[in-house]
Amino acid sequence: MTKETEADLTGATPRRRPRAQPLEVGGRRLAPETLMMGHGYDPMLSEGALKPPIFLTSTFVFESAAAGKRHFEGVTGKRPGGAEGLVYSRFNGPNQEILEDRLGIWEDAEDALVFSSGMAAIATVMLASVKPGDTIVHSAPLYAATETLIGKILGRFGINWLDFPAGASRAEIDAVLARAAADAIAIGGRVAMIYLESPANPTNALVDVEAVAAARDAIFADAAEKPPIVIDNTFLGPLWQQPLRHGADLVIYSLTKYAGGHSDLVAGGAVGSKAAIDPIRAMRNTIGTITDPHSAWMLLRSLETLELRMSRAGENAAKVCAALRDHPKVEHVGYLGFLGEGDDPAPGSQADIYRRHCTGAGSTFSLYLKGGEAEAFAFLDALKIAKLAVSLGGTETLASHPAGMTHLSVPDARKALLGITDNLVRISVGVEKAEDLMADFDQALAVV
Ligand SMILES: *Cc1c(COP(=O)(O)O)cnc(C)c1O
């Protein structure tokens with residue numbers, strides 16, 4: 001609760017201010033792992049409770065009529081500095097504020113917002129910045145619901161889109177951005193946003209965020225406003241990829257995945273500069289896409305173990321993939337970690353992007369079995385530890401069949417282009433004992 005009201009200038013009794021949690025000790029800047037236990041919460045404001053209570057309230061009491069007026073002067077812009085304190089739970093609450101303070105820490109972001117789902121975050125970000133005639137340039141493929149939102153829903157309101165493949169080179173990105181800029185001018189619109197997702201699902205293709213930022217700066221050098229670069233970092237963030245450092249302006253999360261990490265909640269987040277976040281907060285305040293206090297509390301608990309969980313899952317995936325790649329029944333393993341092998345990759349290659357952008361390979365990978373759907377189904381049905389379910393980033397290992405499940409409605413030609421073949425199994429490795437998982441995959445492969 002770092003955003004508590006200051007002493008009220010109107011003369012009303014000031015609210016108690018939370019005791020600031022130190023960000024450094026003895027000149028040492030504290031790591032996110034340490035700050036997750038206490039940052040943004042003062043137990044003395046909540047009867048000394050070590051953990052923040054869940055604030056189940058829809059509204060907050062003003063100290064005085066003058067304090068209430070002062071608040072609304074801030075909300076409506078009649079007084080500079082914005083709103084202070086809490087007023088109504090569609091806007092914010094104590095649990096959500098603490099969560100936002102902590103979420104931003106991982107990427108050293110100035111500000112953060114939390115949402116009721118990853119898609120709520122994406123939709124709110126887009127609604128905050130597009131108007132009819134605008135174009136969204138995006139990497140492809142995207143999470144299916146994001147593609148639907150851009151192509152089918154925003155399309156109904158006169159928003160256009162243009163895409164480039166996730167693995168595109170600087171020259172290809174330049175060409176698409178230049179075309180989008182020219183098209184937009186021709187129809188009196190703007191390129192409103194460059195929207196990325198990296199790695200792409202299920203291809204694992206990485207987007208060169210640094211190249212996108214350089215291309216954006218070159219193509220829009222003379223423009224009054226440069227389109228912001230927004231990236232969905234759900235698959236590798238915040239531990240293994242921090243795109244704000246590589247030129248992105250806003251990073252979006254499905255907190256349902258690694259951040260929540262226990263497959264027991266749905267939530268979303270966005271982190272970036274205050275200037276990037278402010279208009280999105282205004283849109284969220286209007287349409288009410290904030291997460292609820294209970295999910296926020298669950299996420300606070302999850303963030304305490306984020307580094308532990310993600311590190312273990314990442315180590316497990318490395319072991320599992322190393323064992324699977326040489327298995328006689330396996331055709332190919334699509335695992336980002338293999339991009340870290342060998343030396344001196346060609347500039348702009350996937351291995352080069354991986355080494356510049358990523359500090360880890362994640363724990364979600366593509367397993368291509370020898371054969372087709374029958375072999376993939378036999379493998380999936382034989383698994384004893386891994387559960388057959390979509391989603392990823394949880395403590396437990398999950399396996400699914402993209403061609404027959406998440407990507408069933410994708411046209412065949414596009415499926416082939418994306419490598420979504422009938423022999424593809426998508427696996428998200430959890431924090432179980434790696435050797436147990438290897439035994440499970442081994443016995444399931446034996447059945448195929
Ligand atoms: C799951 C997911 C989303 C959507 O998040 P929800 O929390 O399910 O709304 C968006 N992007 C990616 C990459 C995802 O994996």
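Side chains are part of it too, since the values below use all heavy atoms of this structure and drop only hydrogens, waters and symmetry mates. Remember, it's 1-based here, ligands and their atoms both numbered in the order they're listed.
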Trainee: Using the ring of each side chain (for Trp, its six-membered ring), is Trp240 parallel, tilted or perpendicular to Tyr258, with breaks at 30° and 60°?
Mentor: perpendicular
Trainee: Examine Gly118 against ligand 1 and note whether any of their N/O atoms are separated by less than 3.5 Å.
Mentor: yes
Trainee: Would you call Thr135 and Asp183 a side-chain contact if the rule is heavy atoms closer than 4.5 Å?
Mentor: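 Result no, sub-4.5 Å side-chain heavy-atom pair not found.
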Trainee: What is the closest protein heavy atom to atom 4 (C) of ligand 1, and at what distance does it sit?
Mentor: Tyr143 CE2, 3.3 Å
Trainee: Quick check: does any side chain N or O of Asn316 sit under 3.5 Å from a backbone N or O of Gly430, one acting as donor and the other as acceptor?
Mentor: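 Side chain of Asn316 to backbone of Gly430, a donor-acceptor pair under 3.5 Å: yes, one is there.
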Trainee: Please identify which atoms of ligand 1 are closer than 4.0 Å to at least one heavy atom of Phe235.
Mentor: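 Atoms satisfying the 4.0 Å criterion: 13 (C), 15 (O).
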Trainee: Measure the distance from atom 14 (C) of ligand 1 to every protein heavy atom, then report the residue, atom name and distance (to 0.1 Å) of the closest one.
Mentor: Lys257 NZ, 3.0 Å
Trainee: Select one of side chain, backbone, both or neither to describe which atoms of Ala267 lie under 4.0 Å from any atom of ligand 1, heavy atoms only.
Mentor: backbone
Trainee: Looking only at N/O atoms, are Met119 and ligand 1 under 3.5 Å apart anywhere?
Mentor: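 Looking only at distances, the answer is yes, because the N/O contact criterion of under 3.5 Å is met.
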Trainee: Closest non-hydrogen protein atom to atom 12 (C) of ligand 1, residue and atom name please, with distance?
Mentor: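 Protein heavy atom at minimum distance: Asp232 OD2, 3.4 Å.
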Trainee: Out of Ala120, Ser254, Gly268, who is nearest to atom 5 (O) of ligand 1 when you count heavy atoms only?
Mentor: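 Comparing heavy atoms across Ala120, Ser254, Gly268, the nearest one to atom 5 (O) of ligand 1 lies in Ser254.
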Trainee: Quick one: does Gly393 get within less than 4.0 Å of ligand 1, heavy atoms only?
Mentor: no
Trainee: Relative to the heavy atoms of Ser117, which atoms of ligand 1 are at a distance of less than 4.0 Å?
Mentor: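 Counting from 1, the qualifying ligand atoms are 7 (O), 9 (O).
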Trainee: As a check for students: among Asn201, Thr256, Ile252, identify the option with a heavy atom nearest to atom 7 (O) of ligand 1.
Mentor: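 Nearest heavy atom to atom 7 (O) of ligand 1 lies in Thr256.
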Trainee: Around Lys433, counting heavy atoms of other residues, nucleotides and ligands shown, do more than 12 lie under 6.0 Å from its NZ?
Mentor: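 Open.
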Trainee: Okay, side chain of Asn423, backbone of Leu369: is any donor-acceptor separation there less than 3.5 Å?
Mentor: yes
Trainee: With a 4.5 Å cut-off on side-chain heavy atoms, are Lys131 and Arg190 touching?
Mentor: yes
Trainee: Is any side-chain heavy atom of Leu383 less than 4.5 Å from a side-chain heavy atom of Thr397?
Mentor: no
Trainee: Validate the cation-pi geometry between Arg325 and Tyr335: distance from NZ or CZ to the six-membered ring centre under 6.0 Å, angle to the ring axis within 45°.
Mentor: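 Geometry flag: not set, cation outside 6.0 Å or 45°.
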